Amino acid sequence: MLTKGKWLEFLDVMDEMFPDAHCELVHENPFELTIATLLSAQCTDALVNRVTKDLFQKYKTPQDYLNVEIEELQNDIRSIGLYRNKAKNIQLLCQRLIDEYNGEIPANREALVTLPGVGRKTANVVLSVAFDIPAMAVDTHVERITKRLGLCRWKDSVLEVEETIMKKTPIERWSRAHHQMIFFGRYHCKAQNPQCHICPLLSDCREGQKRLKKGLVKL
DNA sequence: ATCCCGAGGG
DNA sequence: CCCTCTGGAT
């Protein structure tokens with residue numbers, strides 16, 4: 001397993017590689033961020049931004065999303081995967097905001113995760129980015145990287161991964177580390193063909209060493 | 001465990 | 001062709 005010291009060294013490397021990593025989902029308020037994050041499930045954020053550019057011009061308030069037929073909303077987000085579920089969840093979410101939260105996104109996890117289409121990961125993104133409340137969102141990149149490095153076990157649940165990262169990371173660093181891991185996972189520690197040959201962490205990485213011995217790392 | 005589900009990269 | 005993308009609900 002990776003020691004806490006090695007983990008902190010990893011975070012320092014992230015600071016060098018991605019000094020200003022930040023949320024790349026384009027948004028102007030908590031409501032837009034929630035919609036964008038909901039749309040980002042199993043989808044690149046570049047594609048989300050392409051869709052929300054027009055979407056956020058057309059729909060400003062929760063009521064705006066309820067004033068159109070579901071088919072029209074589906075069409076507006078069709079280029080994103082899972083568009084039927086996402087369109088339905090957006091309208092259900094908007095109705096709940098109006099009925100129970102005065103049309104505003106609530107700033108606490110318990111309320112957020114009850115919203116349609118909003119799970120723990122999305123809630124943590126909204127808390128952290130929109131409200132500056134410390135939270136660690138575990139997405140596909142964060143899970144893959146922490147397990148490859150050996151900070152977490154392969155069998156760990158996403159909740160266990162979240163707890164481990166929070167325990168071993170200074171709280172003021174949670175948000176930055178989250179976005180740095182997204183960049184690192186997207187461009188270096190990719191799901192396919194990870195760039196182990198140029199990775200500064202190869203000597204400390206459990207998966208990297210494994211791939212090295214298998215001859216999968218071309219130096 | 002399975003379904004949803006289009007765009008992009010290899 | 002295949003796999004992956006800032007997951008969530010059943």
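Reminder, nothing fancy here: chain letters follow the sequence lines and each chain counts from 1. FYI, side chains are in, hydrogens and waters are out, and symmetry mates aren't considered; it's all heavy atoms of this structure. Since we're looking at a predicted model, the values are computed, not measured.
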Please work out if [X] contacts a base, only the sugar-phosphate, or nothing of the nucleic acid, heavy-atom cut-off 4.0 Å.
X: A:Val48; result: nothing
X: A:Ile145; result: nothing
X: A:Ala137; result: nothing
X: A:Thr122; result: sugar-phosphate
X: A:Arg186; result: base

Closest to the [X] side chain, choosing from [options]:
X: A:Ile182; options: B:dC4, C:dT6, B:dG6; result: C:dT6
X: A:Thr140; options: C:dC5, B:dG9, C:dG8; result: C:dC5
X: A:Asp139; options: C:dC5, C:dT6, B:dA7; result: C:dT6
X: A:Ser79; options: C:dT6, B:dG6, C:dC5; result: B:dG6
X: A:Asn193; options: C:dC5, B:dG10, B:dC5; result: B:dG10
X: A:Gln42; options: C:dC5, C:dT6, B:dC4; result: C:dC5
X: A:Ala41; options: C:dT6, C:dG7, B:dG6; result: C:dG7

[X] [atom1] - [N] [atom2] separation (whole Å):
X: A:Arg120; N: C:dA9; atom1: CZ; atom2: P; answer: 13 Å
X: A:Asn75; N: B:dG6; atom1: CG; atom2: P; answer: 13 Å
X: A:Asn85; N: B:dC3; atom1: CG; atom2: C1'; answer: 8 Å
X: A:Lys121; N: C:dT6; atom1: NZ; atom2: C1'; answer: 3 Å
X: A:Leu39; N: B:dG6; atom1: CG; atom2: P; answer: 15 Å
X: A:Gln74; N: B:dC5; atom1: CD; atom2: C1'; answer: 12 Å
X: A:Lys88; N: C:dA9; atom1: NZ; atom2: C1'; answer: 8 Å
X: A:Leu92; N: C:dA9; atom1: CG; atom2: C1'; answer: 12 Å

Give me the distance, rounded to whole Å, that separates C:dT10 from B:dC5 when you measure between the P atoms they each carry.
15 Å
Separation between the P atoms of C:dT6 and B:dG9, rounded to whole Å:
12 Å
Check for a donor-acceptor pair, side chain of A:Lys168 on one end and backbone N or O of A:Thr3 on the other, with a separation under 3.5 Å.
no
Ranking A:Lys190 and A:Gly81 by the position along DNA chain B of their nearest nucleotide, the one closer to 5' is A:Gly81
5'-most by nearest nucleotide on DNA chain C - A:Val118 or A:Glu24:
A:Glu24
Do we see a donor-acceptor contact under 3.5 Å between the side chains of A:Ser128 and A:Trp174?
no
Count the heavy atoms belonging to other residues, nucleotides or ligands that lie under 6.0 Å from [atom1] of [X], then report whether that count exceeds 12.
X: A:Arg153; atom1: CZ; result: no
X: A:Lys147; atom1: NZ; result: yes
X: A:Glu71; atom1: CD; result: yes

A:Asp76/A:Lys58 salt bridge by N-O under 4.0 Å criterion
yes
Kindly say if A:His141 contacts the phosphate of C:dC5, meaning a side-chain N or O under 4.0 Å from OP1 or OP2.
yes
